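Working notes, beginning with the structure itself.
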Amino acid sequence: MVVLVLPVFFGCTGNASTVKSDDDVEKRVESLLSEMTLDEKIGQMSQVDPGVFGGLENLKKVVRNGQLGSVLNLIGAKEVNELQRVAIEESRLGIPLIIGRDVIHGYRTIFPIPLGMAASWNEDLVRESAAIAAKEAASMGINWTFAPMIDVSRDPRWGRIAESAGEDPLLNSMVARAMVQGYQGDDLSDPLTIAACAKHFVGYGAAEGGRDYNTTVISDLQLHNVYLPPFKEAVKAGAATVMTAFNEINGIPASGHKHNIRDILKNEYGFDGFVVSDWASIQEMISHGFARDLKHAGELGLAAGIDMEMASRSYNDYLKELLDEGKVDMEWVDDAVARILRIKFRLGLFDNPYVDESLADSLLVNVEHLKVARKLAEESVVLLKNENQVLPLKKGTKVALIGPMANQPYEQLGTWIFDGDENDSQTVLEAFNAFNGDNNVFFAEGLEYSRDKSTKGFAEVERAIAQSEVVVAVVGEEAILSGEAKSLAELDFVGAQGELLKLAASKGKPVVMIVMSGRPAGLFKTQHLAKSILYAWHPGTMAGPALANLVFGETVPVGKLPVTFPKGEGQVPIYYAHKMTGRPADASTWTHIDEIPVQAVQHSLGNTSHTLDYGFTPLYPFGYGLSYTSFEYSDINISAKSLSIGESLKVSATITNTGDVEGAETVQLYTRDLVGSYTRPVRELKDYQRVTLSPGESKEVVFELNSDQLGFYFPDGEFVVEPGDFHVWIAPNAAEGLRAEFELQ
Ligand code: GLC
């Protein structure tokens, strides 16, 4: 029997609620819309960048004529007020502009890149970072950010994995919820909140070959169960806007995808904000071979449900003609404009259009904001190994601090930091000197930047190591090596970093590796050279203090991987929620390529799903992360061996701190649906909880599992809960854990 139930949002049940405009807003939208000319309506549907539109003076002309609804990348509170004043006081209807900017992981106070934020698994802290980013951005006249980016990403070659929350729909949904709530607060008309923008709708992270903007082929089953859920969560959280993606999906460009935008996002999800195209993604439908020319692209964009066109000018140039020719409907135009006005009213822009230009002085990179940035940076770092408990170091230890990322105030900020300032950065070198005393820190970067292939600095590295007890090597990627259009075919460390690590390891002193990177990469051929590895992503402004606190034990690592770590690009894509296949691999069926006997006959090996050289397991699994203490999982218990649809059961286990320092563990709950009308993943994350334990302390961690959390979407988008047998784990990561079984009836 198949049961159709209301879709559940990850971790909670209940009716999908969308942000309802209140009556007052609706009345004001309707009344204003009725007064607008067609030119003014089309104006609202256009957004331009002053930099490519001939600057502020040129902008003032179109704004004065009511032919522009939004600008992006207009810098400065004064400049924004100047242009806003033209819109309000000199245009016929005085409709305010909405001012957009990419505030992706902080405005001036830069937090870890979103992949790092996700590694904290700390929803409150992620939300707080977005609220701070909103305050700082709003003080500069920005009232709309193009974030959160919630493209599920399973390919470290793809540069924009750095901006995502990784491979899992539930973790991306957490970030979606947290950032929308953080940016928008409880009252979007509060002058220190800004409109969020869930992007890129949809499936952008599935780019073939990890090459940005590339084709995506996504089954309906994957679309509904992997790529859409974070957007559904963003809409439920009240996201004011959604941005469409550059990629095509199964032959239709995302920015011309009427079914996804109108049928799913607007109708099924009840999204009542507005949809903006990505930069010229409407025009790019010509290149895709989906539109004949710019006029046809505009027709397809509006028909698909794009309400505002970013950067390209098809709406401005052709919508009137298309209307006259009956190619597009006036109701589409009216609906688009109504959505845009609705968000402007919700933002309070009609009542409070100008920014207080004195605000920024007290808000930008203030002490409170930097404290949160340090805390989130600390919690985003994942301890991948710590042989012989090399970490934490004792204060006063003589440390050789080496590597091209150890003193790089700009690089540590990571990608998409338009308004970050490297002068605010505190580097690892500065923080180590401050904490450990510069007489105990012997700095030799060895390489001037991550891609540096010259070893001329290695002699100085040897001198530094000779004076030290421990080597701390800060390696990874410059910021420019991840982000938009920054994909990599090889996942090893760039430049001569491998040689630098080999040199460091050859001196007989323990090596601690700190990696600053926009992707899970670089370790397969180098991790054996380090006793300890702290994976720090790009930690942002407060990278130094955060890493000093972790290395010297002022705080204990809590991060857990939001994305699987492959052994190398040859394993990609590799992710934990994979399918069983008809021939699942295990240790008994895999023989390493170097162990295969010469002239082994064709069927002498295990015919299962693996590769001869890398096997079938990743380097590190999703959800993995160590602590300076250790945790034991015991006594899994399930409140019932069978569960009826519509009911819940409890799953619990005891977590014990078996080490000698206090630590926090993010305990994860996974399930597996053993048999389905469509094959189901071997594991799916359903919930998680953080527990803090003193040495020797035990706590029972209890999860409530509702039958709705066991459902999945059929290819037609119907959410279905099917009776059957299930496994459930309480686990430290996606590869381990205590397992119980139950039946859903
Ligand atoms: C870029 C990105 C998008 C960004 C937009 C505005 O091309 O794809 O994420 O928000 O243009 O900068």
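In listed order, ligands and their atoms are each counted from 1. Keep in mind the model is a prediction, meaning the values are calculated, not measured. Throughout, numbering of the chain's residues begins at 1 and tracks the sequence.
- Residues that satisfy the salt bridge (charged side-chain N to carboxylate O under 4.0 Å, His left out) test with D317, not counting sequence neighbours, are absent from this structure.
- Side chains of R292 and L300 form no contact here, defined as non-hydrogen atoms less than 4.5 Å apart.
- Under a 4.0 Å N-O distance rule, the pair E82/K60 qualifies as a salt bridge.
- By the 6.0 Å and 45° rule, K41 does not stack over the aromatic ring of W332.
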I'd like a table of the close N/O pairs between ligand 1 and the protein (anything under 3.5 Å), one pair per line with both atom names and the distance.
{"unit_1": "ligand 1", "atom_1": "7 (O)", "unit_2": "E484", "atom_2": "OE1", "d": "3.0"}
{"unit_1": "ligand 1", "atom_1": "7 (O)", "unit_2": "E484", "atom_2": "OE2", "d": "3.1"}
{"unit_1": "ligand 1", "atom_1": "8 (O)", "unit_2": "R160", "atom_2": "NH1", "d": "2.8"}
{"unit_1": "ligand 1", "atom_1": "8 (O)", "unit_2": "D278", "atom_2": "OD1", "d": "3.3"}
{"unit_1": "ligand 1", "atom_1": "8 (O)", "unit_2": "D278", "atom_2": "OD2", "d": "2.6"}
{"unit_1": "ligand 1", "atom_1": "8 (O)", "unit_2": "E484", "atom_2": "OE1", "d": "3.4"}
{"unit_1": "ligand 1", "atom_1": "9 (O)", "unit_2": "R160", "atom_2": "NH2", "d": "2.8"}
{"unit_1": "ligand 1", "atom_1": "9 (O)", "unit_2": "K199", "atom_2": "NZ", "d": "2.7"}
{"unit_1": "ligand 1", "atom_1": "9 (O)", "unit_2": "H200", "atom_2": "NE2", "d": "2.6"}
{"unit_1": "ligand 1", "atom_1": "10 (O)", "unit_2": "D102", "atom_2": "OD1", "d": "2.5"}
{"unit_1": "ligand 1", "atom_1": "10 (O)", "unit_2": "K199", "atom_2": "NZ", "d": "3.0"}
{"unit_1": "ligand 1", "atom_1": "11 (O)", "unit_2": "D278", "atom_2": "OD1", "d": "3.1"}
{"unit_1": "ligand 1", "atom_1": "12 (O)", "unit_2": "D102", "atom_2": "OD2", "d": "2.5"}

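- With ring centers used as reference points, Y107 lies 6.0 Å or more from W416.
- S314 places a side-chain heavy atom less than 4.5 Å from the side chain of E309.
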